[in-house]
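Here's the structure we're looking at; comments come further down.
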Amino acid sequence: MIKISFPDGAVREYAPGTSSMEIAKSISEGLARKLLAATVNGQVWDLNRPITTDAAVKFLTWDDKDAKTTFWHSTAHLMAEAIEKKFPGVKFWVGPPVDNGFYYDIDLGGRHISEEDLRELEVSMAALAKENNPYIRKEISKADAIAYFTEKGDEYKLDLLQNLEDGNITFYTQGGFTDLCRGPHIPSTGAIKAVKLTNIAGAYWKGDEKNKQLTRIYGVSFPSQKELDEYLQLLEEAKKRDHRKLGKELSIYTMDDDVGPGLIMWMPNGTIIIEELEKLAKETEEAAGYHRVVTPHIAKESMYLTSGHLPYYADSMYPPMELDGEKYYLKSMNCPHHHKIFAAEPKSYRDLPYRIAEYGTVYRYEQSGELFGLMRVRCLHMNDAHIYCSKEQFAAEFRAVNEMYLKYFKIFGIDKYQMRLSLHSADKLGKKYVDQPALWKETEDMVRQVLIDTNTPFVEVQDEAAFYGPKIDVQIFSVIGREFTLATNQVDFSQGRSFKLQYTTPENHSETPLIIHRAPLGTHERFIGFLLEHYAGKLPVWLAPQQVRILPISDKFVGYAEEVKAKLRAAGVRVGIDDRSEKIGKKIRETELLKVPYMLVVGEKEMAEGKISVRRQGKGDIGAQPVEDFITVIKREIANRHDEV
RNA sequence: GCCACUUUAGCUCAGCUGGUAGAGCAACUGAUUUGUAAUCAGUAGGUCGUUGGUUCGAUUCCGACAAGUGGCUCCA
């Protein structure tokens with residue numbers, strides 16, 4: 001007999017070769033019906049796979065992330081079956097589960113697939129699911145596997161097999177479809193009750209743009225139609241807080257074909273948000289010992305040869321303009337200009353850390369397919385600064401920058417983010433990264449140590465560093481699930497040498513400073529795009545372009561509204577009056593939709609008592625109060641950058 | 001840059017299989033003077049993304065280009 005232990009600590013005995021499905025049935029038929037997979041000693045297994053030794057078993061239902069993953073992976077196989085039926089001879093690459101569903105990469109052999117095809121495939125998948133075919137696992141020798149796919153003429157699976165060890169290879173078959181697959185899978189196709197194939201995309205084989213492009217079909221599936229409907233509903237809701245939609249509705253920014261792709265024009269409302277953010281940054285940076293600087297938008301080729309931008313970053317720069325036989329480039333980063341400011345006067349250790357900040361506008365020639373609303377643009381306003389410091393000062397400075405992030409995140413209530421330690425990739429030294437292996441190692445260790453010392457949870461990612469050094473990126477997600485770097489804190493061991501930056505040490509030696517590049521608020525474009533989604537357009541009072549709108553009940557009270565407005569303006573509040581001859585219901589509705597935080601309704605009663613009726617956006621009427629009381633509250637909200645109501 | 005799709009009034013969208021366009025909201029004018037999420041009436045507004053082609057005739061069919069969207073690759 002084998003001993004099976006359960007999460008609650010219970011232990012039961014079964015005959016060797018008993019599957020977790022049989023174990024579940026021995027406990028409760030009802031439980032068994034809900035199961036999709038199980039973990040055996042922490043590994044996700046097929047429910048029907050025999051267990052031969054003592055093991056810890058945990059049953060997985062739809063609510064478990066691992067079960068969803070297994071379910072979607074099995075749906076990918078089901079989709080492949082339907083595709084192979086419809087388009088015989090197609091070849092499959094890989095079909096993994098993803099965060100919200102699954103995809104399969106397919107070589108359609110020059111054929112095209114349309115939206116109608118997806119609908120037909122959904123129908124076909126539903127029929128195949130109804131057959132309730134079991135997913136059958138089979139261990140197979142490498143030689144037999146190679147023979148099978150050679151016979152089939154499938155070079156993709158043969159490529160996969162190259163990297164697999166004999167004795168460790170399994171096939172899964174459901175209905176008429178067999179795939180090379182590590183598993184695990186759900187017991188049978190019948191559990192898949194609702195499928196939506198969401199989109200068709202091109203995807204490079206093995207993720208390399210030099211390789212052939214395969215057709216990727218994305219989909220998602222659920223154990224009931226109801227859950228699919230709920231999911232689609234959720235997507236609809238997410239669309240409503242998409243910054244591109246809100247940006248238009250709230251008159252934040254605009255773009256125009258005549259101006260060019262990825263070039264944002266900030267409208268008056270958006271500009272107010274920018275100015276509030278800059279005010280916050282300037283206060284914060286002044287308190288942290290930064291100096292402000294201002295530098296031009298262009299510079300000569302020679303500077304970008306020195307900085308390393310042309311060798312390592314030229315693809316992302318706008319092409320040069322030629323004047324008087326010189327090439328000038330639009331700046332893609334502020335750092336070289338800042339290095340020149342550092343170098344303009346001799347520095348001693350007494351001048352360090354030397355911190356200079358600028359809201360510089362930089363231009364990056366992003367590939368056309370990358371552009372995305374405010375999140376990915378070609379003209380960026382960076383909350384940029386460079387800190388020049390000694391090796392001894394580095395940890396404290398780097399740490400202070402991280403603390404600045406967290407201070408900002410607290411103000412904005414940003415809590416869903418991931419700190420990412422972005423490292424270089426050794427095989428790209430001299431191509432994407434400056435060729436200084438020892439310095440890479442040293443600085444990466446330094447940055448990692450800061451994160452460990454401050455107990456900051458983080459993930460490490462290869463091949464994400466800047467060309468001049470490692471960095472910590474703060475990763476966030478847009479409402480449609482796309483990942484972006486919001487803020488960044490970067491080490492630079494390279495440009496200090498390139499620019500021959502020096503300071504005099506206490507021992508009267510010349511030393512090259514380390515440089516920290518940091519942008520805790522990232523860029524205006526991405527940060528505001530993120531904030532719009534984060535707040536679903538309902539900006540806190542201190543950021544709202546219009547903070548208060550006064551709504552007179554009728555024309556008769558416009559005069560009183562003007563008096564109230566004058567008082568609010570004198571208190572520094574951004575206030576307007578809706579003086580149209582419309583009914584109050586309409587004025588409220590439109591002001592609600594514009595997400596103005598406060599509406600002040602004024603009529604007969606209010607005028608007589610010197611009061612206003614306050615209505616908070618999204619919350620409704622919160623009662624009448626004297627104008628002065630309201631001013632006290634809203635002034636405090638603005639000054640503290642924190643909504644109280 | 002690559003794959004797929006989309007582009008009609010300021011916005012959101014109709015417009016079947018080719019016969020040069022329509023709604024709601026917004027705007028403007030007038031009436032209404034209104035008590036917490038849409039008052040009524042009228043007026044104006046479009047070389048149907050741009051550009052070639054097919055056709056007697058193209059918003060509609062085909063091609064190219066541009067921009068946008070979903071991915072891939074790339075990045076704040």
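Values reported hereafter were calculated over all heavy atoms of this structure, with side chains retained and with hydrogens, waters and symmetry mates removed. Predicted, not measured: the structure shown is a model, and the values here were computed from it. Proteins come first, then strands; the chains are lettered A, B, ... in the order of their sequence lines, and each starts at number 1.
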- Message: Is there, by distance only and without an angle test, a donor paired with an acceptor across the side chain of Glu366(A) and the base of rG1(B) below 3.5 Å?
- Response: no

- note: Arg589(A), atom CZ; rA26(B), atom C1'; distance rounded to Å ~ 13 Å

- Item | Polar side-chain contact Glu370(A)-rU73(B) base: donor and acceptor under 3.5 Å | yes

- Message: Measure CD1/Ile472(A) against C1'/rA76(B) and give the value in whole Å, please.
- Response: 16 Å

- Message: Would you measure the distance from the P atom in rA4(B) across to the matching atom in rG42(B) and give it in whole Å?
- Response: 49 Å

- Message: Suppose we define a pair by two distances each less than 3.5 Å, Watson-Crick or G-U wobble; what does rG35(B) pair with here?
- Response: none

- Query: Asp473(A) has an atom CG; how far is it from atom P of rC74(B), in whole Å?
  - Reply: 15 Å

- rA21(B) and rG49(B), which share atom name P, separated by this distance in whole Å: 14 Å

- Task: Could you check which nucleotide pairs with rC40(B) in any of the strands shown, counting Watson-Crick or G-U wobble with both distances under 3.5 Å?
- Result: rG30(B)

- Message: On the nucleotide rU73(B), are OP1 or OP2 found under 4.0 Å from the side-chain N or O atoms that Lys210(A) carries?
- Response: no

- Message: Let's test this: given Watson-Crick or G-U wobble pairing with both distances under 3.5 Å, identify the partner of rA4(B).
- Response: rU69(B)

- Task: Kindly assign one of parallel, tilted or perpendicular to the pair His424(A) and Trp440(A), based on the angle between their ring planes and the thresholds 30° and 60°.
- Result: parallel

- Message: If I take atom CG in residue Leu593(A) and atom P in nucleotide rC11(B), what distance separates them, rounded to the nearest angstrom?
- Response: 18 Å

- Message: Taking 4.0 Å as the cut-off, does a side-chain nitrogen or oxygen of Arg482(A) come that near to OP1 or OP2 on rG70(B)?
- Response: yes

- Item | Partners meeting side-chain hydrogen bond (donor to acceptor under 3.5 Å, both in side chains) with Asp492(A) (sequence neighbours left out) | Gln495(A), His517(A)

- Applying a 3.5 Å limit to both distances, which nucleotide forms a Watson-Crick or G-U wobble pair with rU60(B)? none

- Between the side chains of His524(A) and Glu278(A), does any donor sit under 3.5 Å from an acceptor? yes

- Task: Go through the N and O atoms of the side chain of Arg378(A) and the base of rC75(B), and report whether any donor-acceptor pair is under 3.5 Å.
- Result: no

- Please report the closest heavy-atom contact between Gly469(A) and Phe493(A), naming both atoms and the distance. CA-CE2, 3.8 Å

- Note on the structure: When both distances are under 3.5 Å in a Watson-Crick or G-U wobble arrangement, the nucleotide paired with rC25(B) is rG10(B)

- Item | Proximity to the side chain of Arg364(A) - top-ranked nucleotide from rG35(B), rA38(B), rC75(B) | rC75(B)

- Against the side chain of Ala201(A), the closest entry in rA37(B), rG71(B), rU33(B) is rG71(B)

- Item | Whole-Å distance separating the CZ atom of Arg615(A) from the C1' atom of rU36(B) | 5 Å

- Query: Counting just side-chain N and O atoms, does Lys432(A) come under 4.0 Å of either OP1 or OP2 of rU73(B)?
  - Reply: no

- Query: Between rC3(B) atom P and Tyr104(A) atom OH, what is the distance in whole Å?
  - Reply: 24 Å

- Kindly say whether, by distance alone, the side chain of Gln213(A) makes a donor-acceptor pair under 3.5 Å with the base of rC2(B)? yes

- Is Arg420(A) paired with Glu460(A) through a side-chain N to carboxylate O contact shorter than 4.0 Å? no

- Message: Is it the case that the side chains of Glu483(A) and Gln475(A) hold a donor-acceptor pair, with the cut-off being a distance below 3.5 Å and no angle test?
- Response: yes

- Under 3.5 Å, is there an N or O donor on one side and an acceptor on the other linking the side chain of Tyr204(A) and the base of rG1(B)? yes

- Message: Side chain of Ile584(A), heavy atoms from C-beta onward: which of rG70(B), rG35(B), rC75(B) has the nearest atom to it?
- Response: rG35(B)

